[in-house]
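Below you'll find the structure, written out as structure tokens, and then a few comments.
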Protein chains: 2
Amino acid sequence: MTVHHLFVVDNPTALRSMPQVRPQPLRPLKTKCSDCALSALCLPIGLGGHEVAQLDTLVAQRFKVKKGAALFRTGDPLRSLYAVRIGSFKTGMVSVDGREQVTGFHIAGDMLGLDAISADAHACTAVALEDSEVCPIHYTHLENLARQLPSLQHNLTRLLSREIVQDHTLLMLIGKMNSDERLAAFLLSLSQRLSARGYSARHFVLKMRREEIGSYLGLRLETICRGIAHLRDQGLAHVEGRNVTIQDPEGLKHLVAGCHRPL
Amino acid sequence: MTVHHLFVVDNPTALRSMPQVRPQPLRPLKTKCSDCALSALCLPIGLGGHEVAQLDTLVAQRFKVKKGAALFRTGDPLRSLYAVRIGSFKTGMVSVDGREQVTGFHIAGDMLGLDAISADAHACTAVALEDSEVCPIHYTHLENLARQLPSLQHNLTRLLSREIVQDHTLLMLIGKMNSDERLAAFLLSLSQRLSARGYSARHFVLKMRREEIGSYLGLRLETICRGIAHLRDQGLAHVEGRNVTIQDPEGLKHLVAGCHRPL
DNA sequence: CGCACTGTTGATGTGCATCAAACAGCGTGG
DNA sequence: CCACGCTGTTTGATGCACATCAACAGTGCG
């Protein structure tokens, strides 16, 4: 059995189309929350050792999701939330007539599936942007454990609330900013999130295509390309293919603040 | 003391500007969750009589918020969540340079302040669109009670998750739909929410201005006016001032589904 | 009654979408 | 090895949906 068979293969292209193929848990991967480097960013934030040990019992077995495969799809019943351990995902919705809106990009330490709690079914589709690894957390078990561990319950609630805040920020971006400002805000945000995980804030690699960035920001892929060119011309950031170099973070922030348009 | 003094007066215009004036609780208004008509829509959904009685102890005293007054503002520390009992609110953010994005409209039975849990401070500003009444729910007490009442905890978590789903729907609207589609979706959504509260789905009154609808939908107020004219011309809905008549709900849905643009 | 706010409609401008073409990278197979 | 097709990216030309600007009408509150 080659490494390849450890992954679930699915349509690499889009959120829509293709029959559902549920990722299969494979040989259990042993890493637990208690010795995970992400515990400071993920569900266990601020939990005591004994508490994290109990959380460990919930995360049955991590599994891999191959690039392009769907972790879950709109309408799937809620079984687990998923913590991203390695890699990255996009989440998005598809309208009745096939228009696709990317609602988020998620990297290590992020929690996926929070929108499913509302109706016990996933409201969006999550697709891996690269070969990735997630920790499934059985939701009913998590609810039960959270009843006994107030700080776990508090963390979960905060994660939900934080997602609301992030969505509102994105709404402000799409609703009120021009294309260059949106792109600058996107790059800054990604830079900061990667930085919080110990990666370089100035140098990183985009795992998503221009089209996906465009969908996320409410723009077309060509507009993303032109925005990249503008940022380069202004010496703010250099994007070559998927490689990003932030040259002037303060300049980017200033662009996002957008004082040039008096209102 | 006139009835007027029972209200808190604040700047009636915008989310930004004007110093903060915190609404003051006044003479306690006695209605409790246990005899509130909204209990089927609000936090107590599906709770037993004994449980609702415990919830009653949290809602210290309802209070009124006058039209244009802020219930809370960005940056205010989180003390309570607020259930809208009577009236309606808009919530929104203001960017560094003063651009305002309305992130939601909230009517009776809706919960306000969920985005504050993330950082123990409100991330948006809530302003009453008309003379309104809210039930403040002290958050720390709610957290404590929820620990003892699993179904209360479950309801709270679902409310948070539902807000995420709604935000994603709005993102799809703003990111992918044209102005007429957005307006149609807005009217349909409002119609359905009012209908769920026992009001007419076909006939209702807009409590917000064109400018606020525009901000919510990522459009200018003139575009809202023109959209209204288009819906009238097509015989889908009749909007005269603030009075709305939905003439053809199915036609509106069809417009939102938007089969006319092949993708 | 008068003034400020809100809503409507028309004329014009512009930012981004759309259409189009060329190119780079990359795996495949002859 | 290179030719080939496929995917993703870049850049240019053109068009359109919505923003902007402007004038006016309706509304309501002090």
Side-chain angles (χ1 to χ4, degrees), chain A residues 4 11-14 67-68 90 99-101 129-130 173-184 205-233 238-244 255 258 260-263, chain B residues 2 4 7 9 11-14 17 66-68 90 99-101 129-131 173-184 205-233 238-244 255 258 260-263:
Chain A
H4 245 81
N11 171 34
T13 54
K67 177 177 178 176
K90 66 171 174 177
R99 281 173 280 187
E100 172 180 332
Q101 173 71 38
L129 294 171
E130 59 191 310
L173 265 193
I174 298 187
K176 293 289 174 295
M177 299 201 170
N178 69 31
S179 62
D180 288 359
E181 290 167 343
R182 293 184 214 183
L183 181 60
V205 176
L206 300 172
K207 299 301 184 180
M208 70 293 287
R209 291 170 295 146
R210 302 285 189 264
E211 187 178 6
E212 291 162 335
I213 300 174
S215 175
Y216 179 65
L217 297 175
L219 299 167
R220 307 262 84 191
L221 68 105
E222 296 96 327
T223 307
I224 300 300
C225 284
R226 289 183 229 275
I228 287 172
H230 297 159
L231 294 184
R232 190 194 308 122
D233 296 347
H238 197 264
V239 184
E240 195 160 347
R242 303 272 175 118
N243 297 302
V244 180
L255 176 59
H260 62 289
R261 207 198 280 176
L263 173 72
Chain B
T2 70
H4 244 81
F7 294 98
V9 184
N11 170 35
T13 54
S17 75
K66 192 156 179 57
K67 177 177 177 174
K90 65 171 174 177
R99 281 173 281 186
E100 174 180 330
Q101 173 71 38
L129 293 171
E130 60 191 309
D131 293 350
L173 264 193
I174 298 187
K176 294 288 172 297
M177 299 202 170
N178 70 31
S179 61
D180 288 358
E181 290 167 343
R182 293 185 213 182
L183 181 61
V205 177
L206 300 171
K207 299 300 183 181
M208 69 295 287
R209 292 170 295 145
R210 303 286 189 261
E211 186 181 5
E212 291 163 335
I213 300 174
S215 176
Y216 180 66
L217 297 176
L219 299 166
R220 307 262 85 194
L221 67 102
E222 296 95 329
T223 308
I224 301 301
C225 283
R226 289 182 229 275
I228 287 172
H230 298 159
L231 294 184
R232 190 195 306 123
D233 296 347
H238 197 263
V239 184
E240 194 158 349
R242 304 271 176 119
N243 298 302
V244 180
L255 176 58
H260 62 290
R261 208 198 279 176
L263 173 74

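Letters A, B, ... mirror the listed sequences (proteins, then strands); counts begin at 1. Keep in mind that what you see is a predicted model, and the values were worked out from it rather than measured.
- With respect to A:R209 and A:E211, a salt bridge is recorded, a charged nitrogen being found less than 4.0 Å from a carboxylate O.
- Non-hydrogen atoms lying under 4.0 Å from DNA chain D are contributed by B:R220, B:E222, B:T223, B:R226, all within residues 220-233 of chain B.
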Side chain to side chain contact (heavy atoms under 4.5 Å, CB included) between B:R182 and B:T223: does it pass, once the steps are laid out?
CA-CA 11 Å; B:R182 293 185 213 182; B:T223 308; over 6 Å; no
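- With rounding to the nearest 0.5 Å, the separation of CD1 in A:I228 from NE2 in A:H238 is 10.5 Å.
- A:R226 CZ to A:L221 CG: the interatomic distance, rounded to the nearest 0.5 Å, is 9.5 Å.
- To the nearest 0.5 Å, atoms CG (A:L183) and CD (A:E181) are separated by 11.0 Å.
- Between the CE atom of A:M208 and the C1' atom of D:dT9 there is a distance of 16 Å, rounded to whole Å.
- You'll find the side chain of B:Q101 reaches within 4.5 Å of the side chain of B:I174, heavy atoms only.
- Across the protein-nucleic acid pair, B:L129 atom CG and C:dT6 atom C1' stand 15 Å apart, rounded to whole Å.
- A straight line from CD of A:E211 to C1' of D:dT10 spans 15 Å, rounded to a whole angstrom.
- With hydrogens and angles ignored, the 3.5 Å screen pairs no side-chain donor or acceptor of B:S179 with any backbone N or O of B:G227.
- Across all their heavy atoms, B:K176 and A:R99 have their closest contact at O-NH1, 3.1 Å.
- A:K207 has its NZ atom 15 Å from the P atom of D:dG8, to the nearest Å.
- Of the inter-residue distances, the one linking B:C225 atom SG with B:I213 atom CD1 reads 9.0 Å to the nearest 0.5 angstrom.
- Put simply, CG on A:L217 is 12 Å from P on C:dC16, counting in whole angstrom units.
- At its two ends the helix from C:dC1-D:dG30 to C:dG30-D:dC1 runs along axes set 30° apart, each axis drawn from five pairs and the angle rounded to 10°.
- The CG atom of A:D180 sits 11 Å away from the C1' atom of C:dC16 (whole-angstrom rounding).
- An OP1 or OP2 oxygen of C:dT6 is reached within less than 4.0 angstrom by a side-chain nitrogen or oxygen of B:R209.
- Here the P atom of nucleotide D:dT20 and the CG atom of B:L219 are 11 Å apart, to the nearest Å.
- A close approach under 4.0 Å does not occur between any side-chain nitrogen or oxygen of A:R182 and OP1 or OP2 of C:dC16.
- Between the P atom of C:dT18 and the NZ atom of B:K176 lies a distance of 10 Å, rounded to the nearest Å.
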